[in-house]
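Take a look at the structure set out below.
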Number of protein chains: 2
Amino acid sequence: MRAVLLSFMAQYSAQLTGIFVALSDPTRRAVLGQLGKGPTSVTELAKPFDMALPSFMKHIRMLEGSGLIRTRKSGRVRTCALEKKPFAVAEAWLSAQRAGWEQHTDRLEQFVLAT
Amino acid sequence: MRAVLLSFMAQYSAQLTGIFVALSDPTRRAVLGQLGKGPTSVTELAKPFDMALPSFMKHIRMLEGSGLIRTRKSGRVRTCALEKKPFAVAEAWLSAQRAGWEQHTDRLEQFVLAT
DNA sequence: CGCATGGTTAGCGCAAGGGCTAACTATTTC
DNA sequence: GAAATAGTTAGCCCTTGCGCTAACCATGCG
């Protein structure tokens, strides 16, 4: 029961870590901004950046690994699309922090914030 | 004029990078959660973590470097306190993304998101 | 004064991040 | 079928992140 909660927390924390790591690079943030306009192929996405394709692909893989984008290959072209849920996860953590500033009363919340 | 905007964008992007890097570590997130309850000394903050002090201090320095906390030493004890503005910066970027999903019309916004 | 407490500095080790080139595979397209 | 296009794989380099120990101030207290 408590073990279940702890395991949930561990996964949640790992997911948060992945998301924030992904967001911590300007190239990846720019890619996300671009994908906000709609699904795009890798080569198309890479165009604005002065970077070799393999390097760029690492960013794509990292974005996909964190769940921030979804990717599908049809024919020889891989198309990337935004995945919106992880953004909500990040926003939720931030607003949980904010919530913590105001009231320091809820014990479960304290446990969550502290883990 | 345009150069000014570009320079602003560069700093903004660097700040965002710093913030997300800082948030991408579980220990640092936990510290922030703790600091939500009020200012705390380094040793006090370090207690829950099975980590040597110098290692822990690196996290503190990184949090301070990103602007997420403020730090002041009086006597032999260094006290850390939350700095709330950077949280707003992160939230602003996330909500700008969200805004980008809905309408792709504002040209300045596109420029901002893409940089 | 002398010792405990709270940080700090220096240096070391390992893993991961972010970039590259070279070479290769798998589709289209002409 | 040959050549261009779109990714992929492998391997290398260098920097940074995150942990450690050992040794060193600096302050507070008995």
Side-chain angles (χ1 to χ4, degrees), chain A residues 10 13-35 38-81 86 115, chain B residues 10 13-35 38-81 86 115:
Chain A
S13 176
Q15 191 194 358
L16 265 181
T17 296
I19 292 170
F20 284 132
V21 166
L23 294 182
S24 70
D25 180 273
T27 300
R28 290 191 291 265
R29 287 197 302 275
V31 167
L32 292 173
Q34 193 59 35
L35 286 178
T40 316
S41 78
V42 169
T43 327
E44 191 65 27
L45 277 174
K47 269 181 189 159
F49 304 98
D50 187 21
M51 191 182 299
L53 235 211
S55 312
F56 187 76
M57 278 300 300
K58 286 197 188 174
H59 289 297
I60 296 297
R61 296 294 182 196
M62 189 165 301
L63 284 169
E64 190 172 19
S66 74
L68 280 161
I69 71 172
R70 177 175 40 84
T71 246
R72 211 181 116 228
K73 190 165 182 179
S74 95
R76 66 181 168 182
V77 45
R78 178 174 298 277
T79 303
C80 308
T115 306
Chain B
S13 177
Q15 192 193 357
L16 265 181
T17 297
I19 292 171
F20 283 132
V21 166
L23 294 181
S24 70
D25 181 273
T27 299
R28 289 192 291 265
R29 286 197 302 275
V31 167
L32 292 173
Q34 194 58 34
L35 286 179
T40 316
S41 77
V42 168
T43 327
E44 192 64 28
L45 278 174
K47 269 182 189 157
F49 305 98
D50 187 21
M51 193 182 300
L53 235 212
S55 312
F56 186 76
M57 277 300 300
K58 286 197 188 174
H59 289 298
I60 296 296
R61 297 294 183 196
M62 189 163 301
L63 283 169
E64 190 173 19
S66 73
L68 281 161
I69 72 172
R70 181 175 38 84
T71 244
R72 210 179 116 228
K73 189 166 183 178
S74 96
R76 68 182 167 181
V77 45
R78 178 174 298 278
T79 304
C80 308
T115 306

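Note on naming: letters A, B, ... go to the chains in the order of the sequence lines (proteins, then strands), and numbering restarts at 1 for each one.
Taking CZ of B:Arg61 as the start and OG1 of B:Thr71 as the end, the distance is 7.0 Å to the nearest 0.5 Å. Within the model, atoms CG of A:Leu32 and SG of A:Cys80 stand 10.5 Å from one another, a figure rounded to the nearest 0.5 Å.
Protein atom CE of B:Met51 is 11 Å distant from nucleotide atom C1' of D:dC20, rounded to whole Å. Rounding to whole angstrom units, CZ of residue A:Phe56 and P of D:dT8 are separated by 12 Å. The nearest whole Å value for the distance from the NZ atom in A:Lys73 to the C1' atom in D:dA6 is 7 Å. In this structure, NZ of B:Lys47 is placed 8 Å from P of C:dG6, rounded to the nearest angstrom. Rounded to whole Å, the distance from CE on B:Met57 to C1' on C:dT9 is 11 Å. In this structure, CD of A:Glu44 is placed 12 Å from C1' of D:dA6, rounded to the nearest angstrom. Separating the CZ atom of A:Arg72 from the C1' atom of D:dA6 is a distance of 16 Å, rounded to the nearest angstrom. Computed from coordinates, the B:Asp50 CG to D:dC18 C1' distance equals 14 Å when rounded to whole Å.
The side chain of A:Arg78 has D:dT8 as its nearest neighbour among C:dT8, D:dC18, D:dT8. For A:Arg28, the side-chain atoms get nearest to C:dG18 when compared with the rest of C:dT8, D:dT8, C:dG18. Out of C:dT8, D:dC20, D:dG17, the shortest distance to the side chain of B:Met62 is found at D:dG17. Closest to the A:Pro54 side chain, of the nucleotides C:dC20, D:dC18, C:dT9, is C:dC20. Looking at the side chain of A:Arg76, the nearest of the listed nucleotides D:dA6, C:dG18, D:dT8 is D:dA6.
At the phosphate of D:dC18, neither OP1 nor OP2 sits under 4.0 Å from any side-chain N or O atom of B:Ser55. Proximity of B:Arg61 to the phosphate of C:dT8: a side-chain N or O atom is located under 4.0 Å from OP1 or OP2. For B:His59 and D:dG19, the shortest distance from a side-chain N or O to OP1 or OP2 is below 4.0 Å.
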Does A:Ser13 form a side chain to side chain donor-acceptor pair (under 3.5 Å) with B:Arg29? I'd like the steps, not just the answer. CA-CA 9 Å; A:Ser13 176; B:Arg29 286 197 302 275; 3.1 Å; yes
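Applying the 3.5 Å distance criterion, the base of C:dG19 shares a donor-acceptor pair with the side chain of A:Lys58.
Nearer to the 5' terminus of DNA chain C, by closest-nucleotide assignment, is the contact made by B:Val42 (compared with the other of A:Asp25 and B:Val42).
In this structure, A:Arg72 contributes its side chain and A:Ala81 its backbone to no donor-acceptor pair below 3.5 Å.
Of the options A:Val31, A:Thr79, A:Ile69, a side chain to side chain contact (heavy atoms under 4.5 Å, CB included) to A:Leu45 is made by A:Val31 and by none of the others.
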